[in-house]
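Notes to accompany the following structure.
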Amino acid sequence: MLAIFLLLSLILRALEFVILIWVLMSWLPGAQQSALGQFLGMIAGVILDPLRRFIPRTGFIDFTPLAGLLLLQAAQVGLQAIARMI
């Protein structure tokens, strides 16, 4: 059972890094359009696309990655709390 929680925690952490790298790539011209950028965007889109329906864009700033990172952190804290109860 512990292995399942560790695997889920690892997946959540990996998603956090994917979103962070994808956001940092947005500062580099053409980086998100590269093959790696499109791959990371596809993975990050699993978390960010549903959030974009609820979070409006404010000019040039997209707060969706920040909300996604906070959501993943909350999920990880919840997962750790459940793991401690078992």
Side-chain angles (χ1 to χ4, degrees):
M1 191 65 142
L2 181 63
I4 294 172
F5 286 112
L6 289 175
L7 179 64
L8 289 173
S9 179
L10 181 67
I11 290 170
L12 291 174
R13 183 65 60 169
L15 282 171
E16 288 177 21
F17 282 116
V18 166
I19 291 173
L20 184 61
I21 292 169
W22 188 74
V23 167
L24 292 176
M25 287 178 79
S26 71
W27 295 349
L28 304 171
Q32 285 185 335
Q33 287 73 33
S34 69
L36 176 63
Q38 289 179 356
F39 177 70
L40 292 177
M42 189 173 57
I43 294 172
V46 171
I47 299 295
L48 301 181
D49 288 343
L51 292 175
R52 284 194 175 106
R53 292 185 206 141
F54 302 107
I55 301 173
R57 284 191 84 126
T58 55
F60 292 108
I61 300 174
D62 184 13
F63 289 107
T64 309
L66 178 62
L69 290 173
L70 290 174
L71 180 68
L72 289 171
Q73 284 287 320
Q76 194 155 13
V77 167
L79 187 65
Q80 288 172 356
I82 293 170
R84 276 189 233 126
M85 289 175 21
I86 292 180

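What you are looking at is a predicted structure, and each value in this text was computed from that prediction instead of being measured. Nothing fancy with the numbering, it's 1 onward along the sequence.
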Pairs under 3.5 angstrom only: tabulate donor-acceptor contacts from the side chains of residues 27-35 to other protein residues two or more places apart or in another chain.
from, atom 1, to, atom 2, distance (Å)
Q32, NE2, W22, O, 2.9
S34, OG, A31, O, 2.7
S34, OG, G37, N, 3.2

Should M85 and Q80 be marked as a side-chain contact (heavy atoms from CB on, under 4.5 Å) after you check the CA-CA gap, both sets of side-chain angles, and the distance that decides it? CA-CA 9 Å; M85 289 175 21; Q80 288 172 356; over 6 Å; no

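- The structure places CG of L70 at 12.0 Å from CZ of F63, a figure rounded to the nearest 0.5 Å.
- For residues 54-69, the set of pairs meeting the salt bridge (Lys or Arg N to Asp or Glu O under 4.0 Å) definition, not counting sequence neighbours, comprises R52-D62.
- Evaluation of the side-chain contact (heavy atoms from CB on, under 4.5 Å) rule for L6 yields L2 as partners, not counting sequence neighbours.
- Every pair tested for salt bridge (Lys or Arg N to Asp or Glu O under 4.0 Å) that includes a residue from residues 74-86 fails, sequence neighbours excluded, so the list is empty.
- Taking the side-chain hydrogen bond (donor to acceptor under 3.5 Å, both in side chains) definition, one finds that S9 meets it with Q76, sequence neighbours left out.
- Between atom CD1 of residue I21 and atom CD1 of residue I43 there is a gap of 10.0 Å, rounded to the nearest 0.5 Å.
- We find the CG-CD1 distance between L72 and I47 to be 5.0 Å, quoted to the nearest 0.5 Å.
- Taking each heavy atom of P65 and V23 in turn, the nearest pair found is CB-CG2, 3.4 Å.
- Across all their heavy atoms, M1 and I86 have their closest contact at CE-CD1, 4.2 Å.
- Shown here for G45 and P50, the closest heavy-atom pair between the two residues is O-CD, 3.7 Å.
- In this structure, the side chains of I4 and L7 stay at 4.5 Å or more apart for every pair of heavy atoms.
- One finds the OG1 atom of T64 at 12.0 Å from the CZ atom of R53 (value rounded to the nearest 0.5 Å).
- Under the side-chain contact (heavy atoms from CB on, under 4.5 Å) criterion, A67 pairs with L51, I55, sequence neighbours left out.
- To the nearest 0.5 angstrom, I61 atom CD1 is 11.0 Å from L66 atom CG.
- No path of Ile, Leu, Val, Met, Phe, Trp and Tyr side chains, each step under 4.5 Å between heavy atoms, connects L20 with V46, placing them in separate hydrophobic clusters.
- Put simply, L12 and V77 are part of two different groups of oily side chains (I, L, V, M, F, W, Y) that touch within less than 4.5 Å, one to the next.
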